[in-house]
S.K.: 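Handing you this structure, nothing more for now.
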Amino acid sequence: MNPFENRFAGKVAVVTGAASGIGYAIAKRLVQEGASVLAADLNTERLDAIQGELGERFFGVKANVTVENDIEEMVSAAVKQFGKLDLAFNVAGASRAGERHYGTIGERLGLHRGSVHERCLPEHEA
Ligand SMILES: NC(=O)c1ccc[n+]([C@@H]2O[C@H](COP(=O)([O-])OP(=O)(O)OC[C@H]3O[C@@H](n4cnc5c(N)ncnc54)[C@H](O)[C@@H]3O)[C@@H](O)[C@H]2O)c1
């Protein structure tokens, strides 16, 4: 039994990057602990599969976090589907496959910034 199963009961969260990895893990745990989750990702096939796994408190929408209009629609979809919005987890991003960096803190922050933020920007802005 999960002692935290009602910790987020009644809360509504948006999770971007929810079709995989960290975003999926956060979304799944939120649902298991009582929240409703508006899950946003580019990968609708995975979102559909996860919706089948987690049930009606997980609702997937296609959204590109680099597109402002998609963000607005994602928030509207959360309010339309679940009536409000309490929490937001912006996890969408891309890893640099095979790249591991064990340099200085500054170098490591630079790598993180590169993967989390710039990788979310359209090619011409990155
Ligand atoms: N996994 C780690 O140990 C780790 C450590 C530090 C930082 N990070 C960063 O955290 C982020 C998530 O990592 P992860 O391991 O969960 O990655 P992941 O590849 O498993 O999941 C990322 C998800 O984001 C989605 N996505 C990518 N671009 C998007 C966009 N523009 N709009 C909407 N969705 C988009 C993908 O479709 C995918 O489902 C990445 O930026 C990664 O670099 C990961």
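Numbering of ligands and ligand atoms starts at 1, following listing order.
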S.K.: Indicate the atoms forming the closest heavy-atom contact of Q51 with F58, along with that distance.
M.R.: CG-O, 3.2 Å

S.K.: For residues I50 and Y24, determine if any side-chain heavy atom of one lies less than 4.5 Å from a side-chain heavy atom of the other.
M.R.: yes

S.K.: With the threshold set at under 4.0 angstrom, would you say D41 reaches ligand 1 through any of its heavy atoms?
M.R.: yes

S.K.: Just going by heavy-atom distances, which of N43, V67, V65 is nearest to atom 32 (N) of ligand 1?
M.R.: V65

S.K.: Please compare S20, A19, A39 and report which has the shortest non-hydrogen distance to atom 18 (P) of ligand 1.
M.R.: S20

S.K.: Could you tell me whether a side-chain N or O of N43 sits under 3.5 Å from a main-chain N or O of R46, the two making a donor and an acceptor?
M.R.: yes

S.K.: Nearest heavy atom to atom 28 (N) of ligand 1 wins, so pick from L42, I22, N64.
M.R.: L42

S.K.: Please walk me through it: do D86 and K84 pass salt bridge (Lys or Arg N to Asp or Glu O under 4.0 Å)?
M.R.: CA-CA 7 Å; D86 301 301; K84 62 173 181 169; 3.2 Å; yes

S.K.: At under 4.0 Å between heavy atoms, is it the side chain or the backbone of A63 that contacts ligand 1, or both, or neither?
M.R.: backbone

S.K.: What atoms of ligand 1 come closer than 4.0 angstrom to any heavy atom of G21?
M.R.: 16 (O), 20 (O)

S.K.: Counting only nitrogen or oxygen atoms and a 3.5 angstrom limit, does A92 reach ligand 1?
M.R.: no

S.K.: Quick one: side chains of residues 70-77, donor-acceptor pairs under 3.5 Å with protein atoms, not counting sequence neighbours, listed by atom name and distance.
M.R.:
from	atom 1	to	atom 2	distance (Å)
D70	OD2	N64	N	2.8
E73	OE2	N69	ND2	3.1
S76	OG	E72	O	3.1

S.K.: Who passes salt bridge (charged side-chain N to carboxylate O under 4.0 Å, His left out) against E53, sequence neighbours left out?
M.R.: K28

